[in-house]
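See below for the structure under consideration.
Sequential numbering from 1 along the given sequence is applied to the chain's residues. Whatever order the structure lists them in is the order used to number ligands and atoms, beginning at 1.
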Amino acid sequence: MADYDYDLFVIGAGSGGVRAARLAAMSGAKVAVAEEHRVGGTCVIRGCVPKKFMVYASEFAHHFETAKGFGWTVGEPTFDWPVFLAEKDKEIARLSGVYVRNLQNAGAELIHGKAKMTDPHTVEVEGKGSVTAGKILIATGGQPWAPKDLPGGEHAISSNEAFQLPELPRRIVIAGGGYIAVEFAGIFNGLGVETTLVHRGPNVLRGFDDDVRAHLTEEMEQRGIKVLLGAQHGSIEKTAEGLVSHCIDGHDLVSDVVLFALGREPYTEGLGLEACGVALTETGAVKVDAFSRTNVEHIWAVGDVTDRINLTPVAIREGQAFAETEFYGRPTSFDHEMVASAVFSQPPIGSVGLSEADARHKLGKVDIYLSRFRPMKYAFTGGHERALIKLVVDAASERIVGCHVVGPDGPEIIQMAAIAIKMGVTKPQWDSTCAVHPTLAEELVTMREKYVPPGLGQAA
Ligand code: FAD
């Protein structure tokens, strides 16, 4: 084998890259990782982690209201955005430091700068020169997508900037209907910002179960978020009153901040993929096989840049599977079936498996179990909040193929449900599990009556 500077060169120190680099280095391989920004990647610096802190911060408004129902006297709560930002940034810096130390302790070398491949064994890092590597792993993640030619589009920010706003706006317009859009809508609304969500589709969270989507929209509106569906930006105008979002359907919305959360795209710019002949998919993602191999020998890719399931734990498991295969002699491919996910909207969602519509399409006859109820926590508040729990069952095999929870602790509940569902649990086995009382989750194992969706009749 030819002599290279490194056995493995990883481009990108995010969720997938760090896991692969650490494991490979721990096998005794000589590993380098290039990072152009901060170690930790999207998840730690401008994604899951700061987002969850913002969700926590914003939920207090609701807790204060709930507390009143239980007899608490809560004065006029105030929120200090700069204090929160400083605390958040301190914790993010600490976590990024942990990632750096973990890489170093494993023996991987960290190189700061933007990396570019110049041939299938050579990587050039801006300002640091070129090195060679036996294997290259692309783990460069994704970036926010925004329309390039929208008049006034330059006035909008992306999720990246939403984490660092110099001050909390009085009014915000959020464009998008994906999980990032609904999460930010809940965050800003909770922090007292007048929040409007503009989405061009018929409902938010495309790909999720339709009952979940409808339920979340209703609940968001109950909490004061203005949701405009079937609407989309035509232009943004900067005026003395603020930013005016001129929507194609005729709405003109004035706000202090316009946040575009319109989706993300694989981050492949300036990577030198063409020079190496690395093939892309139709969506511009790096094309890989089940073992994360690209079409070019010695080059692999994991995480969001491959646009399979764009979640942190998936990037980590893909990075791990790559390292197991290539550096431990254990061929491993990550199974992308039945990956559970959470949406930290308010109320939050936990979901695993198929939506009802996808199950009907794929399996034909399915049985649905659905319950809508007021969570106990809100019994004294006089509010209209409802939780939703839904099971989708393959009628032929009785296997549970989908589980969806909207309500307090939905994301925590779904992690456990996902284990049983991934193992192929049937509805009778599921029901044989005794309930934990009084909890929201007990409803999951006590639904006995099949639900007939309106319009489907008994034949469904
Ligand atoms: P990343 O973590 O994006 O890491 C890629 C790294 O590569 C970056 O640090 C980047 O700077 C670096 N890089 C790129 N190009 C180069 C180059 N040429 N040279 C050197 N360095 C380079 N997922 C969840 O599971 N749960 C959540 O709750 C969640 N919330 C999210 C909220 C938001 C607002 C966003 C944006 C994302 C969220 N995600 C969440 C998704 C999650 O962050 C990603 O799926 C995950 O970070 C992907 O990991 P990755 O390793 O593929 O890429």
Taking atom [atom1] as the centre, does [X] end up with more than 12 heavy-atom neighbours from other residues, nucleotides or ligands that are less than 6.0 angstrom away?
| X | atom1 | value |
| --- | --- | --- |
| Gln415 | CD | no |
| Phe373 | CZ | yes |
| Lys88 | NZ | yes |
| Arg200 | CZ | no |

State plainly whether the residues [X] and [Y] are in salt-bridge range, i.e. N to O under 4.0 Å.
| X | Y | value |
| --- | --- | --- |
| Glu337 | Lys422 | no |
| Arg171 | Asp256 | yes |
| Glu194 | Lys226 | no |

* To do: Compute the centroid of each ring, for Phe334 and then for His336, and state whether the two points are separated by less than 6.0 Å.
  =>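 Judged by ring-centre distance (under 6.0 Å), Phe334 and His336 do meet the cut-off.
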* To do: Compute the centroid of each ring, for His121 and then for Tyr6, and state whether the two points are separated by less than 6.0 Å.
  =>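 Centroid separation for His121 and Tyr6: 6.0 Å or greater.
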* Are any of the heavy atoms in Gly113 under 4.0 Å away from ligand 1? -> yes
* To do: Check whether any heavy atom of Glu183 sits under 4.0 Å from an atom of ligand 1.
  =>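 So Glu183 does not count as touching ligand 1.
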* To do: Search all heavy atoms of Val198 against all heavy atoms of Ala231 and return the closest pair with its distance.
  =>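 Shortest heavy-atom separation between Val198 and Ala231 comes out as CG1-O, 3.4 Å.
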* To do: Work out which heavy atom in Leu444 is nearest to a heavy atom in Trp430; give both atom names and the distance.
  =>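 Looks like O-NE1, 2.9 Å.
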State the atoms of ligand 1, each with its element, that fall below the 4.0 Å cut-off from a heavy-atom position in [X].
| X | value |
| --- | --- |
| Gly303 | 52 (O) |
| Gly41 | 2 (O), 4 (O), 8 (C), 9 (O) |
| Pro313 | 25 (O) |
| Asn310 | 41 (C), 45 (O) |
| Leu311 | 23 (N), 24 (C), 25 (O), 45 (O) |
| His37 | 11 (O) |

To the nearest 0.1 Å, how far is [atom] from its closest protein heavy atom, and which atom is that?
| atom | result |
| --- | --- |
| atom 46 (C) of ligand 1 | Thr312 OG1, 3.5 Å |
| atom 4 (O) of ligand 1 | Gly14 CA, 3.3 Å |
| atom 40 (C) of ligand 1 | Cys48 SG, 3.1 Å |
| atom 3 (O) of ligand 1 | Thr42 OG1, 2.4 Å |
| atom 51 (O) of ligand 1 | Gly16 N, 2.8 Å |
| atom 7 (O) of ligand 1 | Gly12 CA, 3.1 Å |
| atom 12 (C) of ligand 1 | Glu35 OE1, 3.3 Å |
| atom 30 (N) of ligand 1 | Lys51 NZ, 2.8 Å |

Please work out whether any backbone atom (N, CA, C, O) or any side-chain heavy atom from C-beta onward of [X] is under 4.0 Å from ligand 1, and answer side chain, backbone, both or neither.
| X | value |
| --- | --- |
| Arg264 | side chain |
| Ile11 | side chain |
| Ala139 | backbone |

Quick test of your reading of the structure: of [options], whose heavy atom lies closest to [atom]?
| atom | options | result |
| --- | --- | --- |
| atom 45 (O) of ligand 1 | Asp304, Ile111, Val55 | Asp304 |
| atom 20 (C) of ligand 1 | His112, Glu126, Arg308, Glu36 | Glu36 |
| atom 18 (N) of ligand 1 | Ala115, Ser15, Ala34 | Ala115 |
| atom 37 (C) of ligand 1 | Phe344, Tyr267, Tyr179 | Tyr179 |

* Cation-pi geometry met for Lys135 and Phe327 (6.0 Å, 45°) ->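 Verdict for Phe327: a cation-pi partner in Lys135.
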* Ring geometry between Phe84 and Phe79 (parallel below 30°, tilted from 30 to 60°, perpendicular above 60°) ->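 Plane angle between 30° and 60°, so tilted.
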* Would you kindly say whether Glu385 and His62 are connected by a side-chain donor-acceptor distance under 3.5 Å? => yes
